[in-house]
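Side chains are part of it too, since the values below use all heavy atoms of this structure and drop only hydrogens, waters and symmetry mates.
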Amino acid sequence: KYGRQITARIHYTTYEEIPEKMPVIVQCTMRRMIMEGQTATFVVVAKGNHLNYQWMVNRNDGKGYVVIPQAAQSSYTTEAVTVNCNGYKYKCVVSNSVGSVQTAEALLEVVKPLPKYYGIHVSEEKSGVAFASKLQANEGETITLTAEPGTGYTFLEWQVLSGGIVLSGAKNPVTAFVMPASDVSV
């Protein structure tokens, strides 16, 4: 007989079925403090097989916890928040075919940003004294300017050097303006 003998080896791989276990929460966000206008991210770390996530929010409106649509990942990021969102509570339900568990409440604290102060500079001449009611102010505050001419001098007028303010009483030694969102020099 002519030919070759062929020997083949066949390898089998067997898979052991791993039974699903109840999800276990390992870690989760408990509190987020952010400034108004920012977003907040909440995270859950869980162990288990084939996990599903669903985030919920309690807006303190009497409706209790409600499902957040499209929030089905292990983390959830809010849209930019306002101070009206202060005190909202978040939690996540983690589930699989065996059962579900939920995280502890995560509290959202929203604070207003600190006000921005702008400087007020009043130039003085040797002919008297001039000053503002404040050296710094927030946008929207009313600032009073006062000029006291020295002996033998009279007040002529206020001149705006920078800041774009309008002085309706520019010819009066005492006048006022509303602070803009910039430094002012007069």
Inset, instruction - Ignoring hydrogens and angles, state whether a donor on the side chain of Glu36 or Thr82 is under 3.5 Å from an acceptor on the partner side chain. - result: no
Inset, instruction - State plainly whether the residues Lys91 and Glu105 are in salt-bridge range, i.e. N to O under 4.0 Å. - result: no
Inset, instruction - May I ask you to check whether over 12 heavy atoms, not counting those of Gln136, lie within 6.0 Å of atom CD? - result: yes
Inset, instruction - Using a 4.5 Å cut-off on heavy atoms from C-beta on, say whether the side chain of Ile34 contacts that of Leu108. - result: yes
Legend entry - Distance-minimising heavy-atom pair for Gln54 and Ala71: NE2-O, 3.3 Å
Legend entry - Heavy-atom side-chain contact between Val184 and Met179 under 4.5 Å: yes
Legend entry - For Gly163 against Pro180, the heavy-atom pair lying closest together: O-CG, 3.6 Å
Inset, instruction - Mark yes or no for whether Asp183, through its side chain, and Tyr118, through its backbone, hold a donor-acceptor pair below 3.5 Å. - result: no
Legend entry - Thr77 versus Thr41, side-chain donor and acceptor atoms under 3.5 Å: yes
Legend entry - 4.5 Å side-chain heavy-atom contact, Trp158 and Val122: yes
Legend entry - Minimal non-hydrogen separation, Val110 against Met35, with atom names: CG1-C, 4.3 Å
Legend entry - Check: Thr154 and Pro149 side chains under 4.5 Å, non-hydrogen atoms: no
Legend entry - Identified side-chain contact (heavy atoms from CB on, under 4.5 Å) partner of Tyr90 from the options Ile68, Thr29, Thr103, Asn58: Ile68
Legend entry - Nearest heavy-atom neighbours spanning Ile120 and Ala137: CD1-CB, 4.1 Å
Inset, instruction - Could you tell me whether the side chain of Ser185 and the main chain of Ser162 form a donor-acceptor pair under 3.5 Å? - result: no
Inset, instruction - Please round to the nearest 0.5 Å and tell me the distance separating atom CD1 of Ile143 and atom CG of Leu135. - result: 9.5 Å
Legend entry - Listed once per pair and sorted, the salt bridge (charged side-chain N to carboxylate O under 4.0 Å, His left out) pairs that draw on residues 55-84, sequence neighbours left out: none
Legend entry - Hphob cluster co-occupancy, Val83 + Val81, side-chain heavy atoms under 4.5 angstrom: yes
Legend entry - From CA spacing to verdict: side chain to side chain contact (heavy atoms under 4.5 Å, CB included), Asn52, Val94: CA-CA 6 Å; Asn52 300 300; Val94 183; over 6 Å; no
Inset, instruction - Hey, could you give me the CG/CE distance between Asn49 and Met22, rounded to the nearest 0.5 Å? - result: 13.0 Å
Legend entry - side chain to side chain contact (heavy atoms under 4.5 Å, CB included) between Tyr117 and Asn138, intermediate numbers included: CA-CA 5 Å; Tyr117 288 97; Asn138 292 313; 3.6 Å; yes
Legend entry - Val57 side chain near Lys89 side chain, heavy-atom distance below 4.5 Å: no
Legend entry - Side-chain touch Val160/Leu167, heavy atoms, less than 4.5 angstrom: yes
Inset, instruction - Look at Glu139 together with Lys116 and state whether they make a salt bridge at an N to O cut-off of under 4.0 Å. - result: no
Inset, instruction - Find out whether Phe155 and Lys171 are in side-chain contact, i.e. whether some heavy atom of one side chain is under 4.5 Å from a heavy atom of the other. - result: no
Inset, instruction - Taking Asn96 for its side chain and Val98 for its backbone only, find out whether a donor-acceptor pair lies under 3.5 Å. - result: yes
Legend entry - Considering all heavy atoms, the nearest Ser100-Ser95 contact: CB-CB, 3.6 Å
Inset, instruction - Rounded to the nearest 0.5 Å, what's the gap from SG on Cys92 to CD1 on Ile25? Could you check? - result: 6.5 Å
Inset, instruction - Following the transitive rule for hydrophobic clusters with a side-chain heavy-atom cut-off under 4.5 Å over Ile, Leu, Val, Met, Phe, Trp and Tyr, establish whether Val43 and Leu107 coincide in one cluster. - result: no
Inset, instruction - Indicate the ring-plane relationship of Phe42 and Trp55, choosing parallel, tilted or perpendicular according to the 30° and 60° boundaries. - result: tilted
Legend entry - Shared hydrophobic cluster for Phe131 and Ile165 (ILVMFWY, side-chain gaps under 4.5 Å): no
Inset, instruction - For residues Leu161 and Val186, determine if any side-chain heavy atom of one lies less than 4.5 Å from a side-chain heavy atom of the other. - result: no
Inset, instruction - State yes or no: do Val66 and Val44 share one hydrophobic cluster built from I, L, V, M, F, W and Y residues joined by side-chain heavy-atom distances below 4.5 Å, directly or via other members? - result: yes
Inset, instruction - Mind checking the CE-OH spacing from Met56 to Tyr76? Nearest 0.5 Å is all I need. - result: 13.0 Å
Inset, instruction - Answer yes if Val24 and Leu51 sit in the same cluster of Ile, Leu, Val, Met, Phe, Trp and Tyr residues linked by side chain heavy atoms under 4.5 Å apart, and no otherwise. - result: no
Inset, instruction - Heavy atoms only: give me the nearest Ala80-Gly37 pair and the separation to one decimal. - result: CB-O, 3.4 Å
